[in-house]
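First comes the structure, then the notes that go with it.
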Amino acid sequence: MPLSPTNYYGSGLEQGYWGLMIVTYPFISGLVAGSFVVATLSQLFGRKRLAPLAPIAAILSFALLLSAPLTIWGDARQPSRVYELITRMHVPWSPMALFLLIWISYVVLMLVELYAVFRAGNSARTEWAGRPLRAKIAGLLTLGVKGRDAGSLRRDERIVRWTAGIGILIAFLFHGYIGFIFGSMKSRALWSSPLIPVLFIVSAIVSGIALVEIAYFAIAKWNGWKIDRAIVSELNLWLIGALLLDFYLDMVELLMSGVRAYAPEETYEWFSRLYFHGPLFWTYFLFQLGLGVIVPLVALATRRWRASIVNSGVMALLVLMGVYMMRWNVVAGGQMASKVTNDIVSFPLVWTGYDSVQTVLGVFGVAFLLFLLFAWLLPWKTGFDAAGGIPLLPEPVTPASTASSTAPMTSRGA
Amino acid sequence: MIAKARRDRRAGADAVGTDAKATVSRRGFLGALAAIAALAGTAGGFVGRTASAAIKPVARPSAAQMKRLLAYYRTRPRWASWLVPELNVDDGWQRWMRTILNSKNLPITHDDFSRLGTTITQTHHWSMVIDERRCIGCQACVVACKDENNVPVGVYRTWVDVVETGTMVPDPSGPIVTDVGNYRSEVKRSSMPLICNHCDHPPCVDVCPVKATFKRADGIVMIDYDLCIGCGYCVQACPYNARFFNPVQQTADKCTFCAHRLDRGLLPACVTSCPTHARVFGDKNDPTSEVSVLLATQATTVLKEDLGTDPQVFYINREQEVYDENSTVNTVYPYTANLNSTDYATLSGDAPLPGATGGQG
């Protein structure tokens with residue numbers, strides 16, 4: 001019901017200029033930042049139990065990072081002029097112009113990190129019997145540095161720690177700048193808020209954890225592995241923490257915009273008209289706050305529930321849906337609040353063509369294909385043994401452990 | 001008959017020939033006539049050449065071109081622009097900055113607007129005063145603007161909304177009879193011309209990621225359509241909704257204060273077309289201009305002053321802040337609502353009748 005264009009009414013002059021692609025852009029970049037944060041949990045913050053997930057989280061993050069610009073590129077009316085973002089970059093005045101700087105530095109950093117994370121595994125793959133082509137590709141990906149002794153592994157680890165440390169800043173910058181694009185707009189009462197960048201970053205972490213969890217479940221099912229409940233519990237614990245922060249910020253936003261005594265008049269007026277009584281009631285209270293935050297918070301409250309795989313999977317999906325709805329509520333809500341008349345601006349959901357459900361699915365499809373490509377290209381299974389458990393990685397890395405970690409690969413083909 | 005004419009002429013010559021002075025005068029007259037004819041011919045030739053050089057006639061399209069043109073007009077909006085290949089692009093349609101946007105090559109800024117008038121000399125500072133007392137809502141300015149600037153169907157560079165203040169007041173002897181009692185109207189409707197405010201601190205220009213939009217030294221905010229990537233950031237950032245996406249050229253678009261006319265000493269089309277002189281345009285830097293005099297002598301307001309954009313369109317007799325959601329001012333029917341949607345019917349039905357069925361207090 002809230003998504004039907006016929007329910008809306010508004011002036012004919014104003015319209016929603018940013019559609020579903022711009023709803024998806026912060027969602028995807030949030031997944032980029034969030035899954036990167038999951039990778040850094042083990043790489044930088046010493047959560048060794050999550051270490052097997054770090055490679056897959058990094059691959060996810062990189063695949064989504066490469067596909068995130070497709071949304072804004074597809075949304076631009078003159079996509080062929082995109083080179084102007086380099087030749088005529090309006091920094092530091094335009095928040096949007098920062099995009100290319102941040103994105104390129106993020107891509108470079110991710111390349112360095114992926115190289116260091118997968119160098120040892122690639123080096124092992126060069127000796128892959130029976131797969132000469134893939135052995136050659138793996139050799140190329142090591143850039144000729146094939147050592148697997150303790151010294152090289154320590155160097156890899158050092159590079160990973162540095163890139164993770166810088167990367168988490170860039171990840172926050174990447175997602176924070178997107179929040180700032182909305183927050184910096186004083187023309188829109190519901191966007192013009194210093195809370196928006198922070199809210200975006202926190203919900204990004206939430207969505208990233210949920211995505212990595214789902215990816216882990218899917219991979220384990222695909223490979224016939226036994227899912228490690230310890231990993232799931234730990235991920236859920238982080239998810240709970242991020243969700244609590246997210247809930248806190250949501251409540252702050254609700255209080256600062258939805259209470260007449262506290263909020264600026266225009267903000268309150270539009271907030272109450274759109275979210276309390278208007279077309280965004282269900283997407284805000286039911287999907288974003290209820291199913292997206294409160295239900296997962298309750299359902300993951302006890303240790304037993306956190307270890308349940310079905311429960312975790314469903315909750316992760318709900319969290320992802322809730323974060324997408326949060327993006328929808330921000331992007332659509334800001335534009336439904338008319339700037340010049342006193343009516344709600346119509347914001348129809350387009351199914352096919354420019355800026356539609358179809359193009360959004362296309363972008364997700366590209367991200368998935370890139371993920372499959374990188375998963376094929378890179379030896380991300382080194383953290384798991386043949387049964388999907390984690391035999392080795394909590395201990396300090398030794399030459400013997402790498403040798404044994406390559407063993408299942410040569411037999412099973414990674 | 002020819003012979004008769006010759007006879008007459010000869011007779012006339014004989015008659016005039018009696019006066020020596022007159023003979024000289026005739027010769028002088030003929031000489032002058034020849035000189036004028038020669039001058040006029042030469043000048044005409046020059047003018048003709050110049051004109052033909054300036055305005056190249058569009059070549060008659062070939063049959064194949066005609067077919068394409070017809071197909072184009074059948075599928076696209078009937079709006080001719082430089083995008084239509086059959087128009088002669090050599091006429092200057094592609095050189096926006098040189099021919100239309102900034103023919104006088106004034107300095108432009110993309111940010112840091114405090115430089116205007118300080119380090120960047122402002123010979124003019126164009127602004128507009130809109131006298132709402134005079135506006136009769138005839139929409140002539142809207143039409144003139146569309147005509148002058150080739151604005152496509154469905155979007156507007158200037159528009160006139162109809163706004164309403166006040167409510168129906170319960171009154172036993174009121175002339176409006178409803179099921180819940182009689183009412184007296186204390187409603188006032190007025191027309192509200194809207195246009196880009198050409199702010200002195202325009203947020204739309206700052207946010208452009210590729211410096212496609214700019215502020216000219218004389219204060220006009222414009223878009224270079226050849227550079228715009230169509231991201232929509234400026235459209236979102238304008239607090240007055242004065243920017244829009246041009247559906248034909250697929251870039252952002254907005255009012256230019258008719259810069260192409262200004263640079264040739266003409267007034268903007270909406271000002272020229274206004275039958276009641278409700279729109280006054282002029283140079284704020286010139287203390288004798290009508291705009292300066294009005295600003296000095298009349299109480300004026302600007303829209304959304306609290307945003308600090310420093311608009312350069314001033315309103316006389318703006319009773320209340322019309323954008324204020326909580327005030328009693330309502331936009332009742334924007335003429336610019338698209339008629340092919342249901343929006344128009346919804347908006348026009350907003351008659352405030354407190355307590356009555358269907359009314360909104």
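Values below: every heavy atom of this structure, side chains too, minus hydrogens, waters and symmetry copies. All values reported here derive from a predicted model rather than from experimental measurement.
Counted within 6.0 Å of CZ on A/Phe276, heavy atoms from surrounding residues, nucleotides or ligands total more than 12; the atom is thus considered enclosed. Within a 6.0 Å sphere centred on CE of A/Met89, heavy atoms belonging to other residues, nucleotides or ligands number more than 12. By the neighbour-count criterion of 12 heavy atoms within 6.0 Å, atom CZ of A/Phe180 is sparsely surrounded, having that number or fewer from other residues, nucleotides or ligands.
Ring geometry for A/His90 against B/His110 counts as perpendicular: the plane angle is over 60°, on a 0 to 90° scale with 30° as the lower cut.
The shortest heavy-atom contact between A/Glu84 and B/Asp226 is OE2-O, 3.9 Å.
Using a 4.5 Å cut-off on side-chain heavy atoms (C-beta onward), B/Tyr240 and A/Lys339 make no contact. Residues B/Thr251 and A/Arg77 form no side-chain contact, since every pair of their non-hydrogen atoms from C-beta on lies 4.5 Å or further apart. A/Ser94 places a side-chain heavy atom less than 4.5 Å from the side chain of B/Pro209.
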Please evaluate residues B/Val210 and A/Arg81 with respect to the criterion side chain to side chain contact (heavy atoms under 4.5 Å, CB included), reporting the C-alpha separation (whole Å), side-chain torsions for both, the decisive distance (0.1 Å), and the verdict.
CA-CA 10 Å; B/Val210 296; A/Arg81 295 178 185 166; over 6 Å; no
Would A/Lys186 and B/Thr309 satisfy side chain to side chain contact (heavy atoms under 4.5 Å, CB included), going step by step from the backbone distance to the final call?
CA-CA 10 Å; A/Lys186 61 181 174 184; B/Thr309 52; 4.0 Å; yes
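B/Gln236 places no side-chain N or O within donor-acceptor distance of the main-chain N or O of A/Ser187, the cut-off being under 3.5 Å. With hydrogens and angles disregarded, a donor-acceptor distance shorter than 3.5 Å links the side chain of B/Tyr233 to the backbone of A/Ile181. A/Trp93 contributes no side-chain N or O that, together with a main-chain N or O of B/Cys208, makes up a donor-acceptor pair within less than 3.5 Å. With hydrogens and angles ignored, the 3.5 Å screen pairs no side-chain donor or acceptor of B/Gln250 with any backbone N or O of A/Gln78.
Atoms SG and OH, on B/Cys231 and A/Tyr17 in that order, are 13.5 Å from each other to the nearest 0.5 Å. Here the SG atom belonging to B/Cys234 is positioned 9.0 Å from the CE atom belonging to A/Met96, to the nearest 0.5 angstrom.
In terms of heavy-atom pairs under 4.5 Å with chain A, the best-connected choice from B/Ile229, B/Val207, B/Leu307 is B/Ile229. The choice from A/Trp191, A/Trp73, A/Phe99 that makes the most heavy-atom pairs within less than 4.5 Å of chain B is A/Trp191.
In this structure, chain B has a heavy atom under 4.5 Å from the side chain of A/Ser184, while its backbone stays farther away.
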